Number of protein chains: 6
Amino acid sequence: MRPDGRRPDQLRDIEIVPDFLTHAEGSCMIKAGKTWVLCAASVEEKVPPFLEGKGKGWVTGEYGMLPRSTHTRSSRNTGGRGTEIQRLIGRALRAAIDTKALGPRQITIDCDVIQADGGTRTASITGGYVALALAVARLRARGLVSKEPMREPMAAISVGIVDGEARLDLPYEEDSAADCDMNVVMTESGKIIEVQGTAEGEPFERTLLDQLLDLAARGIRDLGTLQRAAIARGLEGRPK
Amino acid sequence: MRPDGRRPDQLRDIEIVPDFLTHAEGSCMIKAGKTWVLCAASVEEKVPPFLEGKGKGWVTGEYGMLPRSTHTRSSRNTGGRGTEIQRLIGRALRAAIDTKALGPRQITIDCDVIQADGGTRTASITGGYVALALAVARLRARGLVSKEPMREPMAAISVGIVDGEARLDLPYEEDSAADCDMNVVMTESGKIIEVQGTAEGEPFERTLLDQLLDLAARGIRDLGTLQRAAIARGLEGRPK
Amino acid sequence: MRPDGRRPDQLRDIEIVPDFLTHAEGSCMIKAGKTWVLCAASVEEKVPPFLEGKGKGWVTGEYGMLPRSTHTRSSRNTGGRGTEIQRLIGRALRAAIDTKALGPRQITIDCDVIQADGGTRTASITGGYVALALAVARLRARGLVSKEPMREPMAAISVGIVDGEARLDLPYEEDSAADCDMNVVMTESGKIIEVQGTAEGEPFERTLLDQLLDLAARGIRDLGTLQRAAIARGLEGRPK
Amino acid sequence: MRPDGRRPDQLRDIEIVPDFLTHAEGSCMIKAGKTWVLCAASVEEKVPPFLEGKGKGWVTGEYGMLPRSTHTRSSRNTGGRGTEIQRLIGRALRAAIDTKALGPRQITIDCDVIQADGGTRTASITGGYVALALAVARLRARGLVSKEPMREPMAAISVGIVDGEARLDLPYEEDSAADCDMNVVMTESGKIIEVQGTAEGEPFERTLLDQLLDLAARGIRDLGTLQRAAIARGLEGRPK
Amino acid sequence: MRPDGRRPDQLRDIEIVPDFLTHAEGSCMIKAGKTWVLCAASVEEKVPPFLEGKGKGWVTGEYGMLPRSTHTRSSRNTGGRGTEIQRLIGRALRAAIDTKALGPRQITIDCDVIQADGGTRTASITGGYVALALAVARLRARGLVSKEPMREPMAAISVGIVDGEARLDLPYEEDSAADCDMNVVMTESGKIIEVQGTAEGEPFERTLLDQLLDLAARGIRDLGTLQRAAIARGLEGRPK
Amino acid sequence: MRPDGRRPDQLRDIEIVPDFLTHAEGSCMIKAGKTWVLCAASVEEKVPPFLEGKGKGWVTGEYGMLPRSTHTRSSRNTGGRGTEIQRLIGRALRAAIDTKALGPRQITIDCDVIQADGGTRTASITGGYVALALAVARLRARGLVSKEPMREPMAAISVGIVDGEARLDLPYEEDSAADCDMNVVMTESGKIIEVQGTAEGEPFERTLLDQLLDLAARGIRDLGTLQRAAIARGLEGRPK
């Protein structure tokens, strides 16, 4: 039995509020239980230096945590962990988009953790996809982009082995007790974009890896349904 | 006629959601029109070095803006403006509390701007007071503090001269067109805690200063009623 | 009776040595009792990026303290307090000048505290005005600026309530004992450019604010006479 | 056919020179083709603050690249990429050691890239293991550690899909052309310590993941033989 | 003929005003022509970590330039040049003092360039010696130090080859045209504390080195007379 | 008798391996006993801003120490000492080259200390000269530079007084016991490029300075032979 009463293959309660912010071209607040991340897409009509003159666009991520998103207050400087996470977010979201079709513009996805209870990096990617899709849909609606840049929908989720059991979507309490912890970024149809698995205590067998990937694939499909609905609600509500 | 249809002496729609966050000892989300600030109070059982062994406590403020709180995205480094604002927040909130009665502990008030439309520093102080009062009430309820440390309720508001008219609670549009802009921190009964007034264009007459202070005093009284209600709702809802 | 024997409405002994430095386009050493600030105006024939192509100029301030300007040595990094003060200096001095008449050039006013005994930020503004006026007069003399950019003369002074008495131009000893402390930047005719008042202990009544502003206006007039004389001496002495 | 003529499942020429450095408690230069990393273990008889009084030790990694290790010179500040890699190195090497048996001391593994041609992070882990094992063996030989702290031998290797073929140990030329790139940290017996796989272009199928892990397991076994030999040579040569 | 009419072996007009500052334990303003450096000695009753418990004291230097000390304004961050100079100042002044006799206290000598016209580092050392000697004399007068810590008097001066002629005490104009430039720190009796010579253009012969050292020795003797007089005036004027 | 059995005027065993690195235009590993420095020359077809449009080139140096190059581990931030040394390296190597003949390109010489046992800055210059000469010879061979830019060969060495005896090429053990320590940069024919001498304890007589310079001149000549041989081997081995 999990601490919050969920089945091993069950996501936390997920809520995605599209267009949470007024100014951003696309945004959402994603809540996975007590983990809340505010994702905002900012479109700029310029590209980083290494892409100048290549006709392609760019998607990059930034990640931050509010000081009191955590159980005890942390300082504002997120240091190495934040850098690593924002590199992952950027890499993952670039797999969701055809940068040639996007054209010579940059979209920055800011993922700011309002409240943390495990799984902030995967919530950032899942919510970041919604913010990105909303921003891109508006570029298309305004005629700035002709060919659809969005590829197959994708999301991210954490899985792990806790008390000898493979479990989906770990909150902090389970995450800190897990023997093995994996973050999976996948397309809806189960193709892998990024997988990062770490043995927290003992090295683990490859059969476990397989179980965890099965579990992750299931969670990603469920997230896809929620993302799709949020994007639709956002596009109905506000033409921009 | 103001751009949003308000009377010159009318506040924007103010909403204060107490205990917005799970982990913080006290917190609130304050919304003044499209300006939203998340205020969180963190209590630590230690004091800064210069107060060690003096039996007194300390209240300090930190201020940040999410990158896409603004019309166009800003970088995460707030620089000099942020430093100046957080010094003001700390100074203002220390005037609201008897640090001897608080005892040897520090309360940090994090004010993070989720969305910005003018008046973020005054919303930070007004909301920061609510977060502080909630945290202190819980210290009292737990018997950690015996004498009431909170002094007379206080809040902060901006006032300015726009189109030759003294106006209360300026949004960004009015703020950037104001001839003179003042931030006032006051107690409910109208005593001054801090006043910062700046001529944006021409130096201004002292009679104008008086008009602006009258207007601010009125706004502060209205804010006091809302703060009081929010604190009461917070304390009913969650004993902590 | 004040510690140094002055009347409540009396300035400290003020000395302004114009053109203290050889290289600067305008400069002065201002001494207010034991507070000494070296102010230097540097003219550059370029403007900051946000003003490019607008035909207007810019005035900005920088503020520093020598490590042993203080009673005990401080480190060279002035941190937040310095940032806040230099923003104030820049804002105040920009009110003294018509940036259109100045034309597309930047004047940086460096205010470096040689010795500190209270009131360093107001001395910086008062002396900074002299350095700025000297530099601008030389631009005019060289025919680089045709319309007079200097507006009504201005200065800054501190006032405060010490032992229940409103006093002008507080040295460190009074400043640290004041119940309320205000820095006032005003034109010679008494118009307000910036006012920053802070209750150090108890919030204070608005009648006190009025008394303090009266006192400040008187000090500003006296400073104006001294500034005028220093500028005249500077311009006689050195054509540049 | 691979650019350097290797079979798909063949490592580059690997050379591990144990005790390359005089001062370090354990060290090696590891060369994998033209990728050369100098790994040095430094033992300190103290632990980081979060472990004080817990009787356990700590292993941490640092990673740097010499400016001209790369094709064109890079600046000395490695930024985010370096931070991410050194977090991986530390995590991986901690899985190779029983920190309780190590006792209250810290071992820092510095991995400095002398020359880079792909696979610097995996060479850092493989060589870092050798440096760590040498340093620990000397702690045991000096009687400072009684129970063996080293767990099952481990190493790291990169694998990827290039031209539709799964290949082991990618040099820069292949790495930059790979459709999918994975770094695998494994024990000699094939248990997973860390796996990080990224789709560079298209998301990839799970069957590919399996192929890549098989290939990695084979490379890790080969590396194990080389590591073992290098450690033995080091311990014969120098008692320390 | 030198640009300012001096003989090759003649110092610029030197003025040393002792106890220029009120708060510092010892200080002077040293003017060598248009080069002005403010030197302040700060005594602290503690030593740096590496000297704790050794019963010895420490002397360290810091060096800064005011932004408008130079012909055109420079930024406040002095970077590498400043670091190098302050290491030299500290090293040179430590040679002037017996740190055992000083006892377990640190004296920091701040050398801040008010106006620069060549030779700021040597003026810093020459003036720094005066500030240090004043501070030490007062420690002795207060009975805190029993054995005399000051060793043989010392000073520093620049010499160089300009237009084929060996010249003493180069101003900026000569310094920037010199073929070879040397800074010499010497005792009054001509013993070497530090010598730093650099060929600016062509490498130079050793006979030139000898000529320059002769010239420097002569300048150092003249500076010694001025330092001695300044210290005496300082000690007469103010017991402290 | 010296600790390592050398005569007072004898260099340590010196080994210079040319073209140690694959990617650099010129490089060498220089070993002077247990002091090992890796020197790499990087050619860029651009010049720093202050040389733009002047038709001249530039040579600059960077200096770093690997964390475990030293007896006990040091942090990666080399701070002031590193800055001072890299300024010296750049200045010294610029004296070895005619920057007009080099043409509008910059050569950066990275000197990274792999292992430290005294004399790292002089080994950096001696090895840096070899790396520079190799890179320049290849520019000439490729026809990019027509007139020979290399001037008279040069090198650097340390000398000092230990136990009352003038000694050449001090290892750490002697360096830390020296009464006087000097670094000399000279041409093969004995002309001075830079001399930096410091009295570590007592100020020293000028006759000692002469002895030390004689000793240095002798060492420089011996180094010249080794540098010449290394450059020849490098140019035979690899056309580039």
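Here the structure is a predicted model, which means the values were calculated and not measured. A, B, ... follow the sequence lines: proteins, then strands. Residue 1 opens every chain.
D:His23 places a side-chain N or O within donor-acceptor distance of the main-chain N or O of F:Ala116, the cut-off being under 3.5 Å.
The contact between D:Asp110 and chain F is made by backbone and side chain atoms together, counting heavy-atom distances below 4.5 Å. Proximity to chain F is limited to the side chain of D:Thr108, based on heavy atoms less than 4.5 angstrom apart.
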#### Entry: side-chain contact (heavy atoms from CB on, under 4.5 Å) evaluation trace for D:Leu21 with F:Leu66
CA-CA 11 Å; D:Leu21 294 173; F:Leu66 293 194; over 6 Å; no
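Per-residue counts of heavy-atom pairs under 4.5 Å with chain D were compared for F:Asp117, F:Asp112, F:Leu38, F:Thr70; the largest is that of F:Asp112. Ranked by heavy-atom pairs under 4.5 Å with chain F, the list D:Ser69, D:Ala40, D:Ser42 is led by D:Ser42.
The 12-atom threshold is not exceeded at CG of F:Asp13, counting heavy atoms of other residues, nucleotides or ligands nearer than 6.0 Å. Annotation: D:Glu44, atom CD; neighbour count of heavy atoms from other residues, nucleotides and ligands within 6.0 Å is above 12. For F:Glu148, the CD atom is densely surrounded, since the number of other residues' heavy atoms within 6.0 Å is greater than 12.
Of the charged side-chain nitrogens involved, at least one lies within less than 4.0 Å of a carboxylate oxygen, so that F:Arg76 and D:Glu62 count as a salt-bridged pair.
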